[in-house]
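Read the structure below first, then the notes.
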Amino acid sequence: MQLKGRTALVTGASRGIGRAIALSLAQEGADVAVNYVSSEGAAKEVVERILAMGRKAMLAQADVADYPDTYRMAQEVLKQFGHLDILINNAGINSDKTFVKMDHASWRKVLAINLDGVFNCTKVFIDQMLQQGWGRVVNITSVIGQIGNFGQANYAASKAGVAAMTKSLAKELAAKGITINAVAPGFIETEMVSGIPEKVQQKLLGQIPMGRFGKADEVSRACVYLCSSDGDYITGAELSINGGLFM
Ligand code: NAP
């Protein structure tokens, strides 16, 4: 068990990639706080699965786009766990429209959750990580932030912003025992991808050298690697997990 005794918070852990990350961290021995915004039942199910593994787990409801709400959640996590070692900034949404049709509200909403959310969650835990002289932060970006995409100007900008922020924080915090990395998935089998029309899915598959979408576990194992001692010398990296879609 590579993460025995560690405590972690995964944002957006009620489903999809975040859920897989929470379960993988727990499988490796970490106690996990499961963040969600509205899917309480699904988040509870993740907490129960982690408790069944013999780890500590807690619900950590908050809208990551809301700084005061995120601060409140951090206080609850620190009270229950005593400290936080691992932060996975995974919560994210998309709201796709061509730029001509994209309104300001849709731009703001995606940036508020995907980019401001990473600022908010990192900000509320960083002082405590600095105090303990150890921390692992993994930000979930996207291949779309690396290559752009038709109808995804807001989403691509948010993920490219997180990638650049990751490198800046990595430089600031490298000497303090804290690593900050990004994991950039390609197309992974989650609700986000199942919502893509079948015709578009087939077109996408044709562009992926491995000829298939990725699995959430294939992303979560990379997060475990970056947070374990195997990843101790890695900071400021953006690890692509995309079946060869972009290289
Ligand atoms: P998903 O299945 O749609 O799940 C999104 C998660 O984020 C849910 O747990 C949701 O909570 C949570 N969330 C949404 N808004 C939130 C907010 N304001 N505050 C707190 N939590 C919030 O998404 P996914 O496909 O697993 O994607 C997870 C991450 O990977 C995202 O950052 C996404 O951009 C990135 N990614 C995904 C893919 C892919 O192919 N799926 C590819 C590249 C990158 P509720 O359930 O409570 O709503």
Side-chain angles (χ1 to χ4, degrees), residues 9-24 32-47 59-74 77 87-96 106 108-121 124 138-149 152 154-163 165-166 182-196 200-201 204-205 207-208 212-220 222-223 238-243 245-246:
L9 169 79
V10 183
T11 68
S14 52
R15 53 197 160 94
I17 294 171
R19 177 181 188 276
I21 296 171
L23 295 175
S24 288
V32 184
V34 175
N35 164 260
Y36 66 100
V37 64
S38 56
S39 305
E40 185 171 313
K44 270 188 179 155
E45 189 262 340
V46 178
V47 164
L59 285 174
Q61 193 282 332
D63 177 353
V64 298
D66 180 329
Y67 185 79
D69 205 27
T70 307
Y71 180 81
R72 171 199 49 80
M73 174 190 70
V77 171
L87 169 64
I88 313 286
N89 285 309
N90 163 80
I93 62 157
N94 62 314
S95 176
D96 302 348
S106 155
R108 272 309 319 146
K109 189 167 185 203
V110 171
L111 269 289
I113 294 173
N114 295 11
L115 181 58
D116 298 0
V118 176
F119 172 87
N120 293 341
C121 293
V124 295
V138 179
N139 298 325
I140 306 302
T141 54
S142 169
V143 68
I144 302 304
Q146 298 169 315
I147 62 177
N149 200 20
Q152 292 199 298
N154 48 4
Y155 184 78
S158 71
K159 294 298 186 180
V162 172
M165 182 181 162
T166 301
V183 167
F187 292 92
I188 308 297
E189 287 168 351
T190 66
E191 282 176 32
M192 204 178 255
V193 164
S194 59
I196 300 174
V200 182
Q201 284 194 27
L204 284 170
L205 286 171
Q207 292 165 12
I208 300 170
R212 66 170 178 88
F213 296 132
K215 298 181 193 321
D217 277 348
E218 291 170 325
V219 178
S220 69
C223 295
E238 187 174 23
L239 180 57
S240 291
I241 303 182
N242 61 28
L245 175 60
F246 172 69

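Note that ligands are numbered from 1 as they come in the structure, with each ligand's atoms numbered from 1 the same way.
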Using a strict 4.0 Å cut-off to heavy atoms of [X], name the atoms of ligand 1 that fall inside it.
X    : value
N90  : 28 (C), 29 (C), 30 (O), 31 (C), 32 (O)
D63  : 17 (C), 18 (N), 19 (N)
F187 : 40 (O)
Y155 : 33 (C), 34 (O), 35 (C), 36 (N), 43 (C), 44 (C)

Could you check [atom] against the protein and tell me its nearest heavy-atom contact, residue, atom and distance included?
atom                    : value
atom 2 (O) of ligand 1  : R15 NH1, 3.5 Å
atom 9 (O) of ligand 1  : S14 OG, 2.6 Å
atom 26 (O) of ligand 1 : I17 N, 2.8 Å

Would you kindly say whether [X] and [Y] are connected by a side-chain donor-acceptor distance under 3.5 Å?
X    : Y    : value
S106 : N154 : yes
N114 : S158 : yes
S194 : E189 : no

Closer than 3.5 angstrom, by distance alone: can the side chain of [X] be matched with the main-chain N or O of [Y] as a donor-acceptor pair?
X    : Y    : answer
Q61  : V37  : yes
S220 : D217 : yes
N139 : V162 : no
T141 : V183 : yes

What about [X]: any of its N or O atoms under 3.5 Å from an N or O on ligand 1?
X    : value
G18  : no
P185 : no
T190 : yes
V143 : no

### Message
I need the contact type for V219 against ligand 1. Using non-hydrogen atoms and a strict under-4.0 Å cut-off, is it side chain, backbone, both or neither?
### Response
neither
### ligand 1 contact on V193 by region, counting heavy-atom pairs under 4.0 Å
side chain
Between [options], flag the one that comes closest to [atom] by a heavy atom.
atom                    : options             : answer
atom 5 (C) of ligand 1  : A91, G214, G92, G16 : G92
atom 20 (C) of ligand 1 : A62, S38, A13, S142 : A62
atom 15 (N) of ligand 1 : I93, D116, I144     : I93

### Query
Taking only residues two or more places apart in sequence or in another chain, which ones pass side chain to side chain donor-acceptor pair (under 3.5 Å) with Y155?
none
